[in-house]
Amino acid sequence: MTGAEVANALFVATIVTYAGAMFAYAVEYAFDKRAPKGAKRLAAVGAAGDTDDADLIPAENAPISPAAARGAGRLGLVLTFLGTAALATSIVTRVVYTGRWPWGNMFEYTVGVALASMVTWLILVSRGTVPRRLGLFATFAATMVLGTSVRVYTEAGPLVPALDSYWIIIHVTAAIVASGILLIGCVFAILHLVKRRYDRQVSDGRPIRFPLNIAERLPDATALERLTFKIHVFAFPLLTFGIFAGSVWAHFAWGRYWNWDPKEVWAFIAWVVYAAYLHARVSGRSAKANAPWIAILGYAVMLFNLTAVNLVFGGLHSYAGV
Amino acid sequence: MTATLTPPPRSKPKAAKRFRAFARRWWHQLTAMRTALLLLLALALAAIPGSTFPQRAISAVDVSNYYDQHPDLAPWLDRVWAFDVYTSPWFSAIYLLLMISLIGCILPRLGVHWKALRAKVPDAPKRMSILPYHRTLAVEANQSMARAVLKQRRWRTTVREAEDGTVTIAAEKGQLRETGNLLFHTSIIFMLVGVGAGSLMSWYGNRILSEDKAYCNNLQQYDEYGLGAWVDETSLPQFCLTLNDFDAQFTNGGPTAYDADVSWEATGGDGAVEEGDYALEVNHPLNIDGTNVFLIGHGYTAVVTYTDRYGQTQTLHQEFLAMDASMNSEGAFKFPDVNVNPDTGAVDEDAEVGFDAILVPTYEDGGMLLGTDPELNNPVLALTAYTGDLGLADGQPESVYAINEAQIASGNLEQVNDQVEVIGVGDAMTLPDGSQLTFDGVEQYAVLQVRHDPGGPVVLAGAILLLGGLLPALAVRRRRFWIRWNPDGTVETAGLNRNDYDGLDEECDELTAAIAPGHEPPQASETDDSIGSQQ
Ligand code: HEM
């Protein structure tokens with residue numbers, strides 16, 4: 001097997017492993033009936049380990065016992081670690097094979113975003129900031145990203161001269177890490193909105209149907225909102241730095257630090273939208289209530305910048321090769 | 001706002017007053033956070049058309065192509081500045097409003113912050129137990145030790161002694177957050193000033209330069225250029241550049257390195273001459289006294305010799321423009337002053353000759369015309385010849401990369417060969433009148449961009465300040481901590497978050513333990529938990 005084949009095999013293994021993890025988390029999510037526990041866990045800083053809680057709600061007629069469900073959750077976490085390790089190894093193998101930094105085209109960029117998001121996730125779980133079973137949504141998001149990346153697969157090859165610079169390490173790494181963290185932030189923004197809707201339905205006494213009933217097992221809406229905010233606060237300076245580094249690089253490579261190239265336009269838009277999110281959160285009640293939507297809009301812009309701008313608009317960035 | 005029932009006094013000039021009230025109301029509106037939020041979103045929205053329509057400032061050619069493709073729509077779009085989005089009145093209006101809003105926001109906050117930095121730390125409320133963190137200590141706490149601990153941890157403190165013997169130390173930390181925030185917002189203005197000044201004082205020029213050719217820095221010598229409003233074109237720095245050699249390296253059909261070996265000679269304002277050699281590469285510009293020379297592209301130059309029907313020869317070095325990543329390139333050879341009878345000297349206007357050509361760097365015999373390898377492994381020219389009037393004399397500017405289509409359409413130029421003729425290096429295409437075009441070889445050219453932007457360093461400094469302000473603005477947490485020695489001998493501590501963050505209890509417990517070493521941080525009790533980190 002060549003290095004490229006090894007990298008590709010590991011890549012496929014990652015997707016399979018994440019899919020398995022997703023299934024395992026789904027089992028835990030559905031059958032570990034300790035409903036209100038999540039909120040408390042989020043607030044309390046503690047290990048993510050499982051304690052047998054007194055307020056465990058016995059699930060009648062459940063095909064899987066809560067203990068078994070938690071076993072599935074543990075398996076899911078192990079699989080998430082394994083999948084992430086496989087993904088990292090796949091990227092390292094590419095580096096060894098090509099002898100260059102692995103952010104040379106859209107495929108590699110997307111894979112990097114998936115890795116960054118899952119590393120972020122695992123750090124959050126390990127620190128006990130988020131309950132393990134929410135890994136269902138994180139692995140889902142990462143698997144979607146990886147699935148998308150297959151559509152823009154590019155053979156590992158050498159880089160065009162403009163990319164031959166140490167700025168690729170600085171600029172693209174910052175952009176990838178920021179995108180990965182923001183992906184997790186976006187997941188939390190969505191979960192918050194779902195939970196908020198669920199809470200409103202409950203307090204209005206309206207019936208709750210699929211898929212909204214999934215929200216029953218989500219942590220407290222306020223806690224989700226604060227977590228969304230913290231993740232964005234962490235990622236925003238990184239995003240800012242990534243754009244800054246890109247601009248410095250543009251000076252050296254293209255002779256202009258800012259040229260309103262489509263990629264630059266959309267990075268600017270994403271930055272402004274995220275700044276608006278941070279402001280919305282301190283601009284009064286109704287603005288704060290809309291803030292999660294702005295965060296989601298921000299990620300939509302990021303995704304648009306990654307996909308449509310590369311594939312449709314062209315411009316100086318599109319030599320990144322699809 | 002309090003409503004008042006007294007009618008306003010009527011004697012004063014009403015209009016001025018009303019205007020002032022009006023202005024004040026708008027000023028408040030404009031500097032409200034919510035307005036900033038809406039303006040930010042509007043700015044994001046307004047930036048979009050700049051990526052969907054070609055922009056004049058980036059590529060005037062793309063704009064004129066757009067005009068050709070959408071002759072009906074383009075003038076209308078132009079009327080709403082769709083091709084100049086980032087200098088359009090509506091885009092400028094949004095960002096100017098945002099700037100005013102920003103300044104209106106920063107100035108008062110600067111004053112408030114300046115005062116807060118020097119003011120005493122506010123005292124705790126009488127009943128400290130209403131604060132989110134509160135403990136009553138079971139052990140002694142030494143006052144000077146408490147002060148030392150707080151000082152060592154860089155808390156700003158104020159000590160108050162009341163007449164009844166109560167002593168309170170009020171401590172505060174995290175002022176850097178607001179400092180960073182103000183720095184961040186101020187640096188945005190700073191950067192904008194840099195961008196604005198840059199656009200007035202900068203100039204650039206693009207130049208295609210073939211190997212062994214030289215040019216000097218004046219506007220006539222550039223293929224394309226732009227001058228800021230405050231730039232005097234006669235005072236551009238004096239220097240000349242020679243491209244000695246150009247080398248493009250390819251691996252598996254993709255370019256991996258471009259090297260342009262250039263020499264330069266500059267004459268300073270004092271007449272002193274400097275010179276040097278430089279290995280110009282992508283990402284490694286040459287700096288001549290504050291003016292940067294960038295390598296931004298490359299291409300092939302075809303060398304051909306035309307031998308006319310009287311045996312006279314002319315050699316042409318013609319740059320070609322790449323059409324794709326494989327460097328299949330297009331260009332034209334134009335010979336307006338050939339086929340002059342050497343005996344009579346009579347110029348035959350209809351005996352001009354031109355060729356539309358495609359240069360294929362690696363041609364595969366029997367395959368498609370266009371190649372897939374950008375390297376010069378088997379270069380060929382695919383030629384279509386025309387005779388007649390090239391239309392160069394009419395003074396209209398026209399592309400040097402193509403034969404004038406209008407001349408063909410009007411019948412002034414006649415196409416000679418129906419099928420393109422493909423010739424390799426050393427081969428010749430023979431026209432019916434016996435004249436010949438010989439393909440002598442291929443050279444390379446570099447595309448250089450010369451740019452001087454004095455605003456750049458200002459923007460860079462602004463961006464660094466922006467980042468430097470952003471980190472504390474987001475990461476630093478403002479919080480207060482109080483210790484109170486009551487006359488009855490009890491000691492209380494309390495803490496308050498001024499930002500939304502976790503970990504207040506942990507930090508305060510830890511502080512309390514440091515101040516009163518015998519104090520056992522209690523197990524998180526019910527009430528603590530319910531307040532918890534939810535602020
Ligand atoms: C180009 C326009 C602007 C950008 C890109 C921008 C960006 C930011 C960012 C990134 C933050 C940090 C978020 C935070 O501290 O929570 C921030 C905070 C803040 N901005 Fe702006 N801002 C802009 C305009 C304005 C304007 C016009 C105002 C006033 C009307 C304003 C008022 C504030 C305030 C009060 C904060 C502090 C929020 C806090 O303490 O959490 N900003 N801004």
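In what follows, every chain begins at residue 1, and chains take the letters A, B, ... in the order their sequences are listed. In this text, all values refer to a predicted model and were calculated from it rather than measured experimentally.
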Is the ring pair A/Phe244/A/Phe241 parallel, tilted or perpendicular, if the boundaries are 30 and 60 degrees? tilted
Any sub-3.5 Å donor-acceptor pair from A/His232's side-chain atoms to A/Thr228's backbone N or O? yes
For B/Val85, is there any backbone N or O sitting under 3.5 Å from a side-chain donor or acceptor partner on B/Gln55? yes
Could you look at [X] and say if it's the side chain, the backbone, both or neither that has a heavy atom under 4.5 Å from chain A?
| X | value |
| --- | --- |
| B/Thr52 | both |
| B/Val459 | side chain |
| B/Leu466 | side chain |

Which atoms of A/Ser286 are under 4.5 Å from chain B, going by heavy atoms: the side chain, the backbone, both sets, or neither? side chain
Select one option (side chain, backbone, both, neither) describing which atoms of A/Val301 are under 4.5 Å from chain B's heavy atoms. neither
Top contributor to chain A interface from B/Asp453, B/Val282, B/Asn292 [non-hydrogen pairs under 4.5 Å]: B/Val282
Name the member of B/Tyr204, B/Phe250, B/Tyr86 that forms the most heavy-atom pairs with chain A at distances under 4.5 Å. B/Tyr86
Run the salt-bridge test on A/Glu225 and A/Arg281 with the 4.0 Å N-O cut-off and return the result as yes or no. yes
Verify whether the ring centers belonging to B/Trp81 and B/Phe91 lie closer than 6.0 Å. no
What do you reckon, are the aromatic ring centroids of B/Tyr278 and B/His284 less than 6.0 Å apart? no
With chain B, which of A/Phe234, A/Phe268, A/Tyr277, A/Trp266 has the greatest number of heavy-atom pairs at distances under 4.5 Å? A/Trp266
